[in-house]
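A short worksheet on the structure shown next.
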Amino acid sequence: MANYSSNSNFLENLKKIFTLLMNDLRLTATEKLSRLLTTFTIAFIIGLLGLGILLFLSYSFAAFLSNVMSQGFACLIVAGAYLVLIIVTVIFRKPLIEDPVTRLLSRIILSAPVNRNESLIHKSKEQNEE
């Protein structure tokens with residue numbers, strides 16, 4: 001009889017632990033997904049605004065160069081500058097793009113939310129004491 005009671009308590013405790021772990025997993029996944037989507041949304045908005053600024057600066061630079069040379073050559077010089085930027089970006093894509101994105105994703109996905117885990121540990125200890 002006592003053996004059945006201890007097995008029942010063990011299974012109840014195991015079920016509670018599993019439920020707490022699943023809730024923690026859901027909360028952690030939600031938190032990390034929201035941080036990731038927020039980061040990508042901000043990057044997209046900044047990129048879009050930066051593209052607009054770059055467009056106007058390119059036109060202004062081409063107009064400035066057209067005072068010294070023909071407008072066609074001025075536009076070709078601006079296009080050549082962009083071509084050089086594209087080549088440099090392709091050559092140095094790992095340190096410029098891949099490494100920072102990898103660090104960002106690993107920081108978001110692999111970081112443990114310390115405060116929430118500590119509060120869950122304290123809650124489970126309080127429940128066990130009751």
Side-chain angles (χ1 to χ4, degrees):
M1 187 81 158
N3 190 19
Y4 176 74
S5 176
S6 66
N7 284 340
S8 176
N9 287 338
F10 174 74
L11 290 176
E12 277 184 36
N13 287 337
L14 192 61
K15 188 176 179 181
K16 285 180 184 178
I17 289 172
F18 182 73
T19 304
L20 285 174
L21 286 175
M22 289 305 294
N23 287 339
D24 184 49
L25 179 65
R26 275 188 251 150
L27 288 172
T28 303
T30 302
E31 176 191 4
K32 295 192 185 290
L33 186 62
S34 66
R35 286 179 58 199
L36 189 64
L37 288 175
T38 301
T39 302
F40 283 138
T41 303
I42 289 172
F44 177 74
I45 291 171
I46 289 174
L48 196 62
L49 292 173
L51 189 64
I53 291 170
L54 195 61
L55 178 72
F56 284 111
L57 285 175
S58 299
Y59 178 74
S60 298
F61 187 63
F64 174 74
L65 284 178
S66 68
N67 292 333
V68 179
M69 60 185 72
S70 72
Q71 190 173 5
F73 284 129
C75 290
L76 283 176
I77 288 175
V78 171
Y82 283 125
L83 183 63
V84 168
L85 281 175
I86 289 171
I87 291 171
V88 167
T89 303
V90 169
I91 290 173
F92 296 110
R93 73 179 171 270
K94 186 163 177 65
L96 289 177
I97 298 169
E98 290 178 16
D99 291 343
V101 168
T102 304
R103 264 185 267 127
L104 173 73
L105 291 176
S106 65
R107 189 173 355 118
I108 289 174
I109 294 173
L110 298 178
S111 68
V114 177
N115 296 335
R116 192 174 70 237
N117 285 341
E118 288 178 358
S119 67
L120 284 176
I121 291 170
H122 293 307
K123 283 181 185 177
S124 63
K125 285 181 182 178
E126 290 172 359
Q127 287 175 352
N128 289 335
E129 291 174 357
E130 295 174 357

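Residue numbers count from 1 along this sequence. Every value quoted in this text rests on a predicted model; they were computed, and no experiment measured them.
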Report task. Please check if Leu27 and Leu21 belong to a single hydrophobic cluster, counting links between Ile, Leu, Val, Met, Phe, Trp and Tyr side chain heavy atoms closer than 4.5 Å. Result -> no
Query raised in the report: Mind checking whether Leu54 and Leu65 sit in one hydrophobic cluster, side chains of I, L, V, M, F, W, Y counted as touching below 4.5 Å?
Result: yes
Query raised in the report: Can you tell if the side chain of Asp99 reaches within under 4.5 Å of the side chain of Arg103, non-hydrogen atoms only?
Result: yes
Query raised in the report: Can you tell me how far CD1 of Ile91 sits from CG of Leu96, rounded to the nearest 0.5 angstrom?
Result: 10.5 Å
Report task. With rounding to the nearest 0.5 Å, note down the distance linking CG in Leu105 to CZ in Arg107. Result -> 9.5 Å
Report summary line: Sequence neighbours excluded, the answer for side-chain contact (heavy atoms from CB on, under 4.5 Å) partners of Val84 is Val88
Query raised in the report: Is it true that Leu57 and Ile77 fall in one hydrophobic cluster, defined by side-chain heavy atoms closer than 4.5 Å?
Result: no
Query raised in the report: Looking at Pro100 and Pro95, what are the two nearest heavy atoms and their distance?
Result: CD-O, 3.5 Å
Report task. First locate atom OG1 of Thr19, then atom CG of Leu14, and finally report the distance between them rounded to the nearest 0.5 Å. Result -> 9.5 Å
Query raised in the report: Is it the case that more than 12 heavy atoms not belonging to Gln71 sit under 6.0 Å from its CD atom?
Result: no
Review item, side-chain donor-acceptor pairs of residues 37-53, under 3.5 Å, at least two apart:
| residue | atom | partner | partner atom | Å |
| --- | --- | --- | --- | --- |
| Thr38 | OG1 | Ser34 | O | 2.7 |
| Thr39 | OG1 | Arg35 | O | 2.8 |
| Thr41 | OG1 | Leu37 | O | 2.7 |

Report summary line: Those residues at least two apart in sequence (or on a different chain) that pass side-chain contact (heavy atoms from CB on, under 4.5 Å) with Tyr59 are none
Query raised in the report: Under a 4.5 Å side-chain heavy-atom rule over Ile, Leu, Val, Met, Phe, Trp and Tyr, are Leu85 and Val78 clustered together?
Result: yes
**Report entry** Shared hydrophobic cluster, Leu104 / Val101 (ILVMFWY, side-chain heavy atoms < 4.5 Å)
**Finding:** yes
Query - Atom pair CG (Leu25) and OG1 (Thr30), whose distance is rounded to the nearest 0.5 Å - result: 9.0 Å
Query - Considering all heavy atoms, the nearest Ser66-Ala74 contact - result: N-CB, 3.8 Å
